[in-house]
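All values below were derived from every heavy atom in this structure, side-chain atoms included, with hydrogens, water molecules and symmetry-related copies excluded. Atoms within a ligand are numbered from 1 in the order they appear, just like the ligands themselves. Predicted model only: the values in this text are computed from it and were never measured.
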Amino acid sequence: MKLWGGRFEKKTDGLVDDFHSSITFDQRLYRQDIAGSIAHATMLGEQGIIPKADADAIVAGLEGIRQDIAAGKVHFELDAEDIHMNVEKLLIERIGEAGKRLHTGRSRNDQVALDCRMYVRDAAKEAASLMGELCQTLLSIAKANVSTIMPGYTHLQRAQPITLGHHMMAYFQMFARDMQRMRETYAHADVMPLGSGALAGTTYPLDRERVAELLGFSAISQNSLDGVSDRDFVCDYLYAASVCMMHLSRFCEELILWNSHEFRFVEMDDAFSTGSSIMPQKKNPDVAELIRGKTGRVYGDLTGLLATMKSLPLAYNKDMQEDKEALFDARDTLVKSLVVFSAMLASCSFKPENMARGAAGGFTNATDAADYLVRKGMPFRDAHAVIGRLVLYCVKADKALLDLTLDELKSFSDLFESDIYDACSMHACVTLRDVPGGPAPERVLESIEAGEAFLKSFSI
Ligand code: ARG
């Protein structure tokens, strides 16, 4: 018989059991569920709401169940619907009457909210720590490459020279923000909902603060309706995961391009590449492509849950059971992607000569040539026009700016002097960009130092 079977005259149709049961996936919450029940029972005993001896028996029984589940010794029943009722049913089977007192002053509605909050706290912490490891890898690549010149792009057209170190530190900023988003997610999940009951609180003198303390929550929820119907914190995790996947996907896209024969900025390690069943020469960046692909899947988890939640009346509705598969899928995908991406990135070998060659072509020093004329007194807009004409001349002559003789240059502006050749070298283009946040090696070193300090002081 179902734990809620008293009011029913018929057995649940097998189709319904199969359709609405969540035990196949929410068994992942068993640790959180049992920890929550232990805290609840402890508080019930302390408050004298149930006999102390019963509370002790419940806690001991739950600990045994936790061990048995961890050891794979427990068979969950579809019939018992979800992890909450499976655990309660097992408890009653094991310890008898005392077990029937566990659910006093509690509903599955506040119970599942609690479990999900604990799960999201763990998942946010885990994600931030993996992001931190990726950030460390980025710092070490950046450190080794503060002077490795490469072309920077806009519109995927060569734009201005930068360094590989600067480029890596751009990704560092993104993943550092992702870590902060996970910290925010943790804070939003860190609110204890037990005591909300089914929707309208409870008649028992629960000590909600005590439960929060036992479970390490920093606050308790302030409204019982909201306590059971809020899934914002799940959306927060899914959003933070989606943004991180977006960053990984952009990075993957760049690595795929850089790894192509057309760029050859990087060579991916054999261990992180795959071959073709027909074309013997192929070495494909499948891992990067798959992370790019899985990004769409995590977006799907986010938009799916947002759509599920959008018209739900207060308070709990069974629709909300759909939150879990989205959450678990996003968590699994994010974790796997971060782990494999970090390893793949660490194994990449960059090709400084090819990057330098790429930077030297495509007139990436054209802005610097204009800036040169500005330093000699010409207004920027005029300088832009002069260099524009110069570039057109070079395109037609199939030459780079600095291939021209001083006489040729002077025919465009008599402000050009022999110092133009140094002023517009790739090295000068990068070192002169000495603004805070710019690619000058000193500035990149500064940002690496700030990044190290960020990682050192980061905590959830
Ligand atoms: N398995 C349910 C869920 O995940 C637990 C809450 C069920 N509550 C209810 N009143 N049916 O949302």
So which protein heavy atom does [atom] come closest to, and at what separation?
atom	answer
atom 12 (O) of ligand 1	Tyr316 OH, 2.4 Å
atom 1 (N) of ligand 1	Gln321 OE1, 2.8 Å
atom 10 (N) of ligand 1	Asn109 OD1, 3.2 Å

*With ring centroids as reference points, do Tyr186 and Phe233 lie under 6.0 angstrom apart?*
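Distance test on ring centres: not under 6.0 Å, no.
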*asked:* Would you say the rings of Phe265 and Phe350 are close, in the sense that their centroids are separated by under 6.0 Å?
replied: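 No - the distance between ring centres of Phe350 and Phe265 does not fall below the 6.0 Å cut-off.
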*Looking at Glu81 and Lys318, does any basic side-chain N land under 4.0 Å from a carboxylate oxygen?*
yes
_Test side-chain hydrogen bond (donor to acceptor under 3.5 Å, both in side chains) on His103 and Arg106; report intermediate values, then the result._
CA-CA 5 Å; His103 212 50; Arg106 188 178 70 168; 3.2 Å; yes
*For Arg121 and Gly216, work out which heavy atoms get closest and say how close.*
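Shortest heavy-atom contact: NH1-O, 2.9 Å.
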*Report the part of Asp323 in contact with ligand 1, treating N, CA, C, O as backbone and CB onward as side chain, heavy atoms under 4.0 Å; options are side chain, backbone, both, neither.*
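Looking at Asp323 and ligand 1, no heavy atom falls under 4.0 Å.
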*Can you tell which part of His84 has a heavy atom less than 4.0 Å from ligand 1: side chain, backbone, both or neither?*
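Only the side chain of His84 comes within reach of ligand 1.
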*Would you please determine whether Lys324 falls within less than 4.0 Å of ligand 1 on a heavy-atom basis?*
yes
*asked:* I'd like to check whether Asp82 has a polar contact with ligand 1, where a contact means an N/O of the residue lying under 3.5 Å from an N/O of the ligand.
replied: yes
*asked:* Ignoring hydrogens and geometry beyond distance, is a side-chain donor-acceptor pair present between Asp232 and His188 at under 3.5 Å?
replied: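 No donor-acceptor contact under 3.5 Å links the two side chains.
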